[in-house]
Amino acid sequence: MTPSNDLPAAGLAANTTLAQFRVVLSHTSHPGNIGSAARAMKTMGLQHLYLVNPKEFPSDVARSLASSADDLLNRAIVVNSLEEALAGTTLQVAMTARRRELVQPLHTPRQLVPELVTEAIGGGTIALVFGNETNGMTIDEVRLCNRLVTIPTNPDYSSLNLAQAVQVLCYELRAALLDDVSHLAEKRQLPSHDYMELFYKHLEETLITIGFLRTKTPKRLMPRVRRIVQRAQLDQEEVDMLRGVLRAAVEFERVTPPAQATPEADKPE
């Protein structure tokens with residue numbers, strides 16, 4: 001896990017916007033799905049979890065599958081009805097995969113997310129509502145929502161579990177706010193110009209010592225070697241490693257192989 005002080009400012013700003021979202025799980029039957037959903041939320045920066053009449057909660061199974069997202073479970077708000085979970089929200093998004101007689105148009109997450117993000121930035125509170133694992137959201141629950149979303153899947157096999165659906169929608173939200181992952185890149189210390197010139201000098205001397213570079217006919221070998229090294233964009237640690245190889249190449253004790261014996265059949269008479 002990346003410490004928060006290593007995150008770019010944009011990442012922290014995304015978390016602030018995502019604080020305007022709440023994930024609502026309605027009548028969840030298996031506690032493991034609650035824990036997995038909490039983990040999916042936290043990885044994307046969402047923090048507010050509402051549970052409508054869960055079959056089993058609190059639960060050790062949920063805590064186990066949350067995998068260090070226990071804080072979301074500890075803060076989860078358990079309510080008796082979906083109306084309670086939606087109180088104070090400005091947009092209510094129903095996740096549905098069923099073909100129904102629906103008044104509201106059906107969107108994919110990617111189509112709907114820009115509107116949701118704009119609403120969150122403007123201070124609105126958005127509920128992302130997910131139904132029971134087996135039956136999904138009821139018609140009455142869907143009617144309480146003013147936006148509908150569905151995840152495009154393989155028509156021959158469209159079985160997403162609850163936590164997967166939560167992960168997809170949360171990911172789309174975060175990706176819309178932040179597509180910079182530069183904070184995950186390795187921090188490389190580049191060598192100075194002087195340091196590289198010492199390396200090239202060391203390399204040239206080594207090539208001469210081992211007989212690969214002939215000083216009388218150097219031609220274009222070293223300029224070509226420079227281009228190869230420059231394309232590699234070596235960091236200082238890598239340069240140091242190669243200089244170690246060069247030192248070993250010079251210090252290696254070379255044994256001149258003995259002259260091969262002349263085969264009997266080829267000996268002069």
Side-chain angles (χ1 to χ4, degrees), residues 1-4 7 11-89 91-97 109 112-113 116-117 120 125-137 141 144-145 147 149-151 153 159-178 181 184:
M1 183 180 298
T2 304
S4 58
L7 288 171
L12 299 176
N15 287 350
T16 300
T17 301
L18 292 168
Q20 297 298 116
F21 289 84
R22 67 180 64 166
V23 171
V24 180
L25 306 183
S26 180
H27 297 83
T28 309
S29 60
H30 195 289
N33 288 325
I34 296 175
S36 295
R39 179 180 183 179
M41 290 170 59
K42 189 169 183 179
T43 58
M44 295 297 117
L46 282 78
Q47 297 291 325
H48 304 299
L49 176 61
Y50 283 66
L51 304 174
V52 180
N53 283 328
K55 185 174 181 180
E56 183 184 342
F57 189 83
S59 163
D60 290 338
V61 175
R63 194 166 299 279
S64 174
L65 290 178
S67 187
S68 298
D70 306 56
D71 52 328
L72 269 69
L73 298 182
N74 294 337
R75 296 196 308 269
I77 297 175
V78 181
V79 295
N80 293 318
S81 67
L82 183 56
E83 289 92 336
E84 292 177 70
L86 299 180
T89 61
L91 288 180
Q92 305 82 36
V93 182
M95 174 65 73
T96 179
L112 188 60
V113 157
L116 304 183
V117 168
T125 301
I126 301 96
L128 310 175
V129 187
F130 300 82
N132 172 270
E133 299 95 323
T134 303
N135 301 314
M137 295 180 66
E141 287 178 326
L144 293 174
C145 300
R147 298 292 187 275
V149 67
T150 190
I151 298 173
T153 56
S159 177
L160 280 175
N161 70 30
L162 177 58
Q164 289 172 333
V166 171
Q167 184 78 78
V168 169
L169 191 47
C170 292
Y171 165 76
E172 289 291 344
L173 287 168
R174 187 163 194 86
L177 289 164
L178 177 71
V181 293
L184 299 176

| Exercise: identify the closest heavy-atom pair between Leu73 and Ala66 | CD1-CB, 3.7 Å
| field | CE-CG distance between Met41 and Leu72, expressed to the nearest 0.5 angstrom | value | 5.0 Å
| said: Any non-hydrogen side-chain atom of Asn33 less than 4.5 Å from a side-chain atom of Leu25? | reply: no
| Does His48 use its side chain to pair, donor to acceptor, with the backbone of Gln20 at less than 3.5 Å? | no
| query | Sub-3.5 Å donor-acceptor pair from the side chain of Thr150 to the main-chain atoms of Thr96, do we have one? | reply | yes
| task | Nearest 0.5 Å please: distance from the CG atom of Leu91 over to the CZ atom of Phe21. | result | 8.5 Å
| request: Quick one: do Arg75 and Leu49 satisfy side-chain contact (heavy atoms from CB on, under 4.5 Å)? Show the steps, please. | output: CA-CA 7 Å; Arg75 296 196 308 269; Leu49 176 61; over 6 Å; no
| field | Non-hydrogen atoms of Ala163 and Ala37 that approach each other most closely | value | CB-N, 3.8 Å
| said: Measuring only between side-chain heavy atoms, which start at C-beta, is Glu141 closer than 4.5 Å to Val129? | reply: no
| message | I want to check something: taking the side chain as every heavy atom from C-beta on, are Leu169 and Val23 in contact at a cut-off of under 4.5 Å? | response | no
| query | Between atom CE of Met95 and atom OG of Ser26, what is the distance when rounded to the nearest 0.5 Å? | reply | 14.0 Å
| About how many Å separate CG of Leu65 and NE2 of His30, when rounded to the nearest 0.5 Å? | 8.0 Å
| query | Looking only at atom types and distance, does a side-chain atom of Asn132 sit under 3.5 Å from a main-chain N or O of Thr28, one as donor and one as acceptor? | reply | no
| Between Asp71 and Lys42, is any pair of side-chain heavy atoms under 4.5 Å apart? | yes
| said: For the CD1 atom of Ile126 and the CZ atom of Arg147, what is their distance to the nearest 0.5 Å? | reply: 10.5 Å
| Heavy-atom closest pair, residues Ala176 and Val113 | CB-CG1, 3.4 Å
| Pair listing, salt bridge (Lys or Arg N to Asp or Glu O under 4.0 Å) test, anchored in residues 163-173, at least two apart | Arg110-Glu172
| side-chain contact (heavy atoms from CB on, under 4.5 Å) between Leu18 and Arg174, intermediate numbers included | CA-CA 8 Å; Leu18 292 168; Arg174 187 163 194 86; 3.3 Å; yes
| query | Should we say atom OH of Tyr171 is surrounded by more than 12 heavy atoms from elsewhere, each under 6.0 Å from it? | reply | no
| field | Side chain to side chain, Ile34 and Pro54, heavy atoms closer than 4.5 Å | value | yes
| side-chain contact (heavy atoms from CB on, under 4.5 Å) between Leu144 and Gln92, intermediate numbers included | CA-CA 8 Å; Leu144 293 174; Gln92 305 82 36; over 6 Å; no
| Working for side-chain contact (heavy atoms from CB on, under 4.5 Å), residues Leu128 and Leu173 | CA-CA 11 Å; Leu128 310 175; Leu173 287 168; 3.7 Å; yes
| said: If you define the side chain from C-beta out and look only at heavy atoms, does anything of Ile77 sit under 4.5 Å from Glu84? | reply: no
| Considering all heavy atoms of both residues, which atom of Ser81 and which atom of Val52 are nearest to each other, and what is their separation? | C-CG1, 3.7 Å
| note | Minimal heavy-atom distance between Ala127 and Val24, with the atoms involved, is CB-CG2, 4.2 Å
| message | Tell me whether Arg39 contacts the main-chain N or O of Ser67 through its side chain, where contact means a donor paired with an acceptor under 3.5 Å. | response | no
| note | Contacts satisfying salt bridge (Lys or Arg N to Asp or Glu O under 4.0 Å) that involve residues 46-66 (not counting sequence neighbours) are Arg63-Asp70
| Straight-line distance of Gln167 CD to Ile151 CD1, nearest 0.5 Å | 10.5 Å
| Side-chain (Glu133) to main-chain (Leu162) donor-acceptor, under 3.5 angstrom | no
